[in-house]
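Report on one structure; see the data block that follows.
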There are 2 protein chains.
Amino acid sequence: MQTRIKEYRTALGLTQEELAARVQVRRETIVFLEKGKYNPSLRLAHAVAKALGTTVDDLFSFGDEEGGAGGG
Amino acid sequence: MQTRIKEYRTALGLTQEELAARVQVRRETIVFLEKGKYNPSLRLAHAVAKALGTTVDDLFSFGDEEGGAGGG
DNA sequence: TTTCTCTGTAAATATTTCTTTACATTATAA
DNA sequence: TTATAATGTAAAGAAATATTTACAGAGAAA
């Protein structure tokens, strides 16, 4: 799973902390997302996309793993 | 959070079990998603959208809650 | 160097998703 | 009624996300 969060965030001149505040999560959660440490809930993914002025499908991409939702 | 999973699934003539098999999750998980019982992981949301031939943003909608990702 | 801001990491914990197993309901068909 | 297929519900537990707290490194500015 890849994400363009950092790319969008820096383009808007936001710090991780500012983005976290907009999304109403901890800064660490933003760090983890940018680093791809885990796979967010849809609600969180949506909130981040909205805060960055884009969509979930644009912000996150799946190399197209191998079929399903199971771990890879 | 609203979803059009059932709408897409029935349009394709799939049972919950068949969709579950394509997505590689349990049938109960599909029931819960269709009923809005919980908020899936992004990976699961993506896998379901792909199995139904659509996108995450099309399949799920957020009335646009109130800002962030925090519970409502 | 010291100070400040931003970013990254780590461990324990709370919370939620998702599984597993089991049973109930509804509808169709014999 | 009896049988079968599809759907819905429930509870216990496994696995993951997200929080909380704390500390460390990099860069800019004094």
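Chain identifiers are assigned alphabetically (A, B, ...) following the order of the sequence lines, protein sequences preceding nucleic acid strands; residue numbering begins at 1 within each chain. Since the model is a prediction, treat every value here as computed from it, not as a measurement.
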Got a list of protein N/O to nucleotides 20-27 of chain D N/O distances below 3.5 Å?
| unit_1 | atom_1 | unit_2 | atom_2 | d |
| --- | --- | --- | --- | --- |
| D:dT20 | OP2 | A:Arg26 | NE | 3.0 |
| D:dT20 | OP2 | A:Arg26 | NH2 | 3.2 |
| D:dT21 | O4 | A:Glu28 | OE2 | 3.0 |
| D:dA22 | N6 | A:Glu28 | OE2 | 3.3 |

Steps toward side chain to side chain contact (heavy atoms under 4.5 Å, CB included) verdict (A:Phe60, A:Gln2): CA-CA 6 Å; A:Phe60 299 90; A:Gln2 271 190 299; over 6 Å; no
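- Scanning both residues, A:Ile30 and A:Gln16, for their nearest heavy atoms gives CG1-O, 4.0 Å.
- Take the nearest nucleotide of DNA chain D for A:Pro40 and for B:Lys37: the residue whose nucleotide is more 5' is B:Lys37.
- The footprint of chain A on DNA chain C, defined by a heavy-atom cutoff below 4.0 Å, extends from C:dC6 to C:dA10.
- The side chain to side chain donor-acceptor pair (under 3.5 Å) search around A:Glu7 returns A:Arg4, not counting sequence neighbours.
- Shown here are the side chain to side chain donor-acceptor pair (under 3.5 Å) partners of B:Thr54, two or more places apart in sequence or in another chain: B:Asp58.
- For the OP1/OP2 pair of D:dA15 and a distance below 4.0 Å, the side-chain nitrogens and oxygens of B:Arg43 include no atom meeting the criterion.
- For the side chain to side chain contact (heavy atoms under 4.5 Å, CB included) with B:Val48, the qualifying choice from B:Val56, B:Thr3, B:Ile5 is B:Ile5, the only one to do so.
- Across every non-hydrogen atom of A:Arg22 and A:Ala51, the tightest pair is NH1-O, 3.5 Å.
- The nearest pair of heavy atoms linking B:Pro40 to B:Leu33 is CB-CD2, 3.6 Å.
- Taken over five-pair windows at either terminus, the axes of the helix from C:dT1-D:dA30 to C:dA30-D:dT1 are inclined to one another by 30° (rounded to 10 degrees).
- Each of B:Ser41 and B:Lys6 lies near DNA chain D, and the nucleotide nearest B:Lys6 is the one positioned closer to the 5' end.
- Atoms CZ (A:Phe32) and P (D:dT19) sit 11 Å apart, rounded to a whole Å.
- In terms of heavy-atom proximity, A:Val25 sits nearest to B:Ala69 at CG1-CB, 4.3 Å.
- Judged as a ring-ring contact (aromatic ring centres under 6.0 Å, His included), the pairs with a partner in residues 1-34 of chain A (not counting sequence neighbours) are, in order, A:Phe32-A:Tyr38.
- Contacts classified as salt bridge (Lys or Arg N to Asp or Glu O under 4.0 Å) and involving residues 9-21 of chain B (residues at least two apart or in different chains) are given here: B:Arg9-B:Glu34.
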